[in-house]
Each structure stands twice: as C-alpha cells, then as structure tokens.
Amino acid sequence: MSYYDTYLRYRECDWNSLFAEPSERLVNNALDDEEVTVEQFLAMLSKNAVPRLEEMARRAHELTLRYFGRTIQLYTPLYLSNYCDNRCVYCGFNADNAISRKLLSAEDLEREASLISATGLKHILVLTGESRQMSPVSYIKECIEILRKYFTSISIEIYALTENEYAELVGAGVDGLTIYQEVYDENIYAEMHPIGPKSDYRFRLDAPERGARAGIRVVNVGVLFGLDDWRKETFLMGLHAKYLQDKFPDVEVGASIPRLQPHAGSFISTHVVTDADIVQAILALRIFLPRLSLTISTRESARFRENILPLGITRMSAGSSTCVGGHTAEAIGPGERVPQFEISDMRDVAGIKEMLKNRGYQPVMKDWVSV
Ligand code: SF4
C-alpha cells in the first residue's frame with residue numbers, strides 16, 4: 001500500500017461536480033469538530049465554502065496558535081547547481097534553456113555558507129537541478145559535510161533518491177526533505193515533465209515515503225499552483241500529507257503551495273490562481289491537518305506574505321536567492337545571474353525578523369541540532 005493507491009481512488013473523479021455540490025453542512029461540521037474528515041476537507045475547498053472564509057480564518061488561526069504558538073521558523077534556500085537533465089516546462093533551469101550553468105566549488109560553498117550563517121540563520125535548504133553526472137549524491141554529501149560547520153539543520157530539495165541514498169545523506173547530516181510532486185494529476189504531470197528522469201511519476205510520488213523510511217525527520221510535500229485546478233491539487237496534496245502523518249507519526253510533515261512565477265522559457269499557465277484561492281487552500285489545510293507545518297515562499301509579495309501569516313503559516317524563507325551562488329556576489333560573474341524563477345519578497349533576514357517581531361511573532365532561527 002502506498003499513497004498511489006489513495007490517488008487511484010480519486011483519479012477518475014468528476015472534480016467540477018465534486019467541488020460544486022452543496023456542502024454547507026460539511027463546512028459547518030468542519031468548523032466545529034475536532035477531527036476533520038476527508039469529506040469535510042473537500043467541502044472546505046469547494047466553491048460553496050467561499051462565503052465562509054472569515055469563519056474558516058478564525059478557526060485556522062485558533063488551531064495555529066494552539067499547535068505552533070506565535071512562532072515562524074526561518075530558513076533560506078542555497079542553490080548548489082543549475083545543471084539539469086530534465087525539461088520541466090515551467091522551470092528556468094530546464095535543460096533546453098540556453099542559460100549559463102554553474103556548480104558551486106567547495107570554496108564557493110564556504111563563502112555562501114559563512115555569509116548566510118552570519119545573518120543568524122541556522123536552517124538551510126540545499127537545492128540542485130537533476131544531473132547525476134554534474135551533481136551526484138557524492139558531491140551533495142561533500143557539500144552537506146561543509147554546511148554542517150555552519151548550520152544546525154540541513155534540508156535538501158534535490159532530485160528524487162533511493163532509500164539508501166537518502167540514508168547516506170541522513171548519515172552526512174541531512175534532517176529535512178522537501179520534494180514537491182508539482183502536480184498530482186498523472187496526465188498533466190506527464191505533459192509538464194516530458195523528458196528526463198523526473199518524468200517517472202511514481203518514483204517521485206513515493207520519494208517522501210522513502211525519505212521518511214530512511215530516517216529523515218522533516219518531510220515537506222507541495223504542489224506548484226498554476227499547473228492544474230488548485231482545489232483538486234490541494235485536496236490530493238492534503239491527502240498525501242495525511243498519509244505520511246498517519247504512517248510516520250514521528251516525522252514532522254509539512255506542505256507548501258508555491259505559485260508559478262515568471263522564469264526563463266516560454267510556458268504560460270492557463271490555470272489562474274488568485275490570492276483568495278491561496279487563502280482558501282491554506283485555511284482548509286490548516287483545519288484538516290492542524291499539526292501540518294505550512295511554508296510560504298518569497299515567490300509571494302511581501303504584503304501578501306504578511307497578511308496570511310495568522311491563517312496558518314509556520315515557516316518562511318528569508319533573504320532568498322534562486323541563483324547558484326546567489327548569496328555572494330563574488331561567487332558569480334557579471335551577467336551570470338540566472339534565477340530558477342523570480343521572487344517577489346526581496347527582504348533580507350533582518351527585514352523579515354523585524355516584520356515578524358512588529359506583528360507579535362517570534363522568528364525562530366534555530367530549533368534543531370543534528371548530532
Ligand atoms: S524543476 Fe528541477 S528538475 Fe525540473 S528543470 Fe527545473 S531544476 Fe530541473
């Protein structure tokens with residue numbers, strides 16, 4: 001039994017009618033009940049729940065305070081490499097894009113790490129494109145060993161690995177895994193990932209579970225909003241997160257709903273996702289899974305990120321760059337700054353910390369020490 005079996009139960013659904021059916025009673029129950037069912041989760045994502053967003057926001061806020069207090073964990077992404085064998089149509093690092101490619105050397109990495117660490121951040125998220133030739137697991141492991149000198153918690157957002165490979169990186173000091181399915185609909189997944197190892201839907205879908213089995217402490221799943229109907233994708237991702245929570249009670253499960261942003265390449269989304277849609281998705285996820293950590297990325301504007309804080313957000317990136325070597329201007333030459341995608345909230349770590357304190361939140365720079 002894997003999450004794919006759950007997915008198969010919904011694969012042939014008529015999603016339009018599912019989300020359009022009357023669901024007022026189910027929304028009422030979701031707002032009152034301590035245990036929220038899958039049917040109630042679906043109802044909270046439906047169009048009929050739109051007039052109830054204020055009530056949902058109150059409930060989501062109350063649950064967030066109960067399970068997380070007024071704390072926001074901060075981290076920043078660090079890109080090791082943008083070499084990639086995949087052709088994800090929505091990504092600036094797509095192998096077909098004629099961009100400058102770069103792989104951080106040990107010296108580059110030391111510079112990046114020491115600069116980021118000086119901001120006070122002790123949680124780092126390490127990213128690479130998918131090239132087993134240019135950035136093999138052995139290279140990533142060497143990088144983790146360097147990063148351990150600077151950070152107490154190291155998460156990876158890299159290509160899907162086998163369980164043994166995840167275990168190898170856990171041994172090197174990795175404690176967190178972020179791996180987005182991007183889109184759960186298998187047919188759309190095939191269109192978005194036409195060529196390259198990432199086109200293996202099942203290998204990617206089962207990666208969070210392999211990571212959890214290998215001993216990873218924090219596992220984050222996600223969907224890229226803009227590739228499919230956001231209601232359906234949020235529902236399928238919520239079920240995936242619940243599956244992982246139920247199967248691995250010791251693992252901290254998190255989720256993220258990044259929205260497609262401009263990037264090198266020509267793909268244009270036909271699935272518009274509004275701010276109100278993102279709010280509804282966050283509220284439904286928080287009420288359905290009160291212990292789920294929820295991340296909002298710097299893809300979103302500063303104003304929007306601040307406004308949705310009380311609704312259920314528990315993690316934020318700060319001082320972000322989506323370029324390889326982007327944290328140190330010295331590490332990249334003129335004209336070589338190629339972002340994976342554009343970010344909106346450009347504030348540095350100090351700026352984000354100040355904003356959080358002004359809003360009555362405690363910015364958490366370190367809450368874990370790997371041994
Ligand atoms: S999303 Fe990741 S795997 Fe796909 S092209 Fe971009 S870097 Fe490569």
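Atoms within a ligand are numbered from 1 in the order they appear, just like the ligands themselves. None of the values given here were measured: they were computed from a predicted structure.
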Among side-chain atoms of [X] and [Y], is any donor-acceptor pair under 3.5 angstrom?
{"X": "E165", "Y": "Y159", "result": "no"}
{"X": "E209", "Y": "Y243", "result": "yes"}
{"X": "S81", "Y": "K102", "result": "no"}
{"X": "E110", "Y": "Y150", "result": "yes"}

Q) Would you call the rings of H193 and Y90 parallel, tilted or perpendicular, where under 30° means parallel and over 60° means perpendicular? A)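 The arrangement is perpendicular - the two ring planes meet at more than 60°.
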Q: Taking the side chain as every heavy atom from C-beta outward, state whether L205 and Y184 have any atom pair closer than 4.5 Å.
A: yes
Q) Can you list the ligand 1 atoms lying under 4.0 Å from a non-hydrogen atom of K198? A) 1 (S), 3 (S), 4 (Fe)
Q. What are the protein N, O or S atoms, given as residue plus atom name, that sit under 2.8 Å from atom 6 (Fe) of ligand 1?
A. C91 SG
